*Asks:* 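One structure coming up, written as C-alpha cells, with questions to follow.
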Amino acid sequence: MKVFKTNPGPVSALLLLAICTILTFGINNKAMAQQKNQMVRLAKIQIDPAQLDQYNAALKQQMTTAVSVEPGVLTYYAVADKTNPAHITILEIYADTAAYQAHIQTPHFKKYKETVQHMVKALELVDVNMIGFAKKPDM
C-alpha cells in the first residue's frame, strides 16, 4: 500500500487564505461594490523559531486591537505552515488604501513593529486583487 503525504507548503497556505477571504464576504451587490475599493495584501513572514511564541502573542494582540478599534481594518487571517510554523502568512483586508495608511500610523501597530523587529527574519508584502468569493448562506 502506498502512502501519500500532503506537504502543505506556501501554496496551501495561500489557498487557505483565499478560502478565509471567501468566508469573510457575503455575495451581494453591496459587498462587490465595496470590494473594488479594498486593499488586500498578503504578508509572508519568516520568524526566528526560538521567538515564535512571543511573535505569535504580539501578532494576535495587534490583529485583535486593529480590528476592534479601526473601522478601516476589515479582516486579518494569520496561518502558519504546518511543516515550518515559523513561516507565517497573513491575509489583510482594509477598506481602502487610506485605511491601510492610517493603520500603519497607529500606536498599536508601531508597538507591534517595535516588539517584533528582531524576531522577523524576512518579510514579503504582496498586494493582490480579489477576483471572487463565495460562502455558505449561514456562515
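Computed from a predicted structure; not experimentally measured.
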*Asks:* Let me see the working for Tyr55 and Asp48 under side-chain contact (heavy atoms from CB on, under 4.5 Å), right down to the final yes or no.
*Replies:* CA-CA 9 Å; Tyr55 175 81; Asp48 172 8; over 6 Å; no
*Asks:* Just by distance, with hydrogens left out, do Gln51 and His118 show a side-chain donor and acceptor under 3.5 Å apart?
*Replies:*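 There is no such pair between these side chains.
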*Asks:* Leu74, Val69: one ILVMFWY side-chain cluster at the under-4.5 Å cut-off?
*Replies:*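 No, Leu74 does not connect to Val69 through the hydrophobic network.
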*Asks:* State, without any angle test, whether Tyr112 and Glu114 hold a side-chain donor-acceptor pair at a distance under 3.5 Å.
*Replies:* no
*Asks:* May I ask you to test the Ile88-Leu52 pair for a side-chain heavy-atom distance under 4.5 Å?
*Replies:*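 Side-chain contact under 4.5 Å: yes.
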*Asks:* Considering all heavy atoms of both residues, which atom of Pro49 and which atom of Ala86 are nearest to each other, and what is their separation?
*Replies:* CG-CB, 4.1 Å
*Asks:* Quick one: CG on Leu123 to CD on Gln117, what's the gap to the nearest 0.5 Å?
*Replies:* 13.0 Å
*Asks:* Quick one: does Tyr76's side chain get under 4.5 Å of Thr64's, heavy atoms only?
*Replies:*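 The answer is no, as the side chains (C-beta and beyond) never meet within the 4.5 Å cut-off.
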*Asks:* CG of Asn56 to CD of Gln61: how many Å apart, nearest 0.5 Å?
*Replies:*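 Output value for this atom pair is 13.0 Å.
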*Asks:* Could you tell me if Arg41 sits above the aromatic ring of Tyr100, with its cationic atom closer than 6.0 Å to the ring centre and no more than 45 degrees from the axis?
*Replies:*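 The answer is yes, since Arg41 meets both limits relative to Tyr100.
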*Asks:* Over all heavy atoms of both residues, which pair between Met63 and Ala78 is shortest? Give the atoms and the distance, please.
*Replies:*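 Here Met63 and Ala78 meet closest at SD-CB, 3.9 Å.
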*Asks:* Over all heavy atoms of both residues, which pair between Ala66 and Val73 is shortest? Give the atoms and the distance, please.
*Replies:*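 Residues Ala66 and Val73, closest heavy atoms: O-CB, 3.8 Å.
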*Asks:* Using a 4.5 Å cut-off on heavy atoms from C-beta on, say whether the side chain of Ile47 contacts that of Val120.
*Replies:*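 Result yes, sub-4.5 Å side-chain heavy-atom pair found.
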*Asks:* Parallel, tilted or perpendicular: which fits the ring planes of Tyr94 and His103, with parallel below 30° and perpendicular above 60°?
*Replies:* tilted
*Asks:* State the CG-CG distance between Leu91 and Leu42, to the nearest 0.5 angstrom.
*Replies:*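 It comes to 6.0 Å.
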*Asks:* For side-chain contact (heavy atoms from CB on, under 4.5 Å), just list the numbers for Gln105 and Lys110, CA-CA rounded to whole Å, side-chain angles, deciding distance to a tenth of an Å, and then say yes or no.
*Replies:* CA-CA 7 Å; Gln105 297 304 316; Lys110 289 180 179 182; 3.5 Å; yes
*Asks:* Verify side-chain contact (heavy atoms from CB on, under 4.5 Å) between Ile93 and Met130, making sure each step is shown before the conclusion.
*Replies:* CA-CA 10 Å; Ile93 303 177; Met130 183 83 64; 4.2 Å; yes
*Asks:* Does the side-chain contact (heavy atoms from CB on, under 4.5 Å) test come out yes or no for Glu124 and Gln46, once each step is laid out?
*Replies:* CA-CA 9 Å; Glu124 179 185 4; Gln46 293 180 25; over 6 Å; no
*Asks:* Can you tell me how far OG1 of Thr65 sits from CD of Glu70, rounded to the nearest 0.5 angstrom?
*Replies:*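 Spacing of CD (Glu70) from OG1 (Thr65) equals 9.0 Å.
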*Asks:* Check whether any side-chain heavy atom of Ile90 sits under 4.5 Å from a side-chain heavy atom of Ile45, and report yes or no.
*Replies:* yes
*Asks:* Quick one: does Glu92's side chain get under 4.5 Å of Thr75's, heavy atoms only?
*Replies:* no
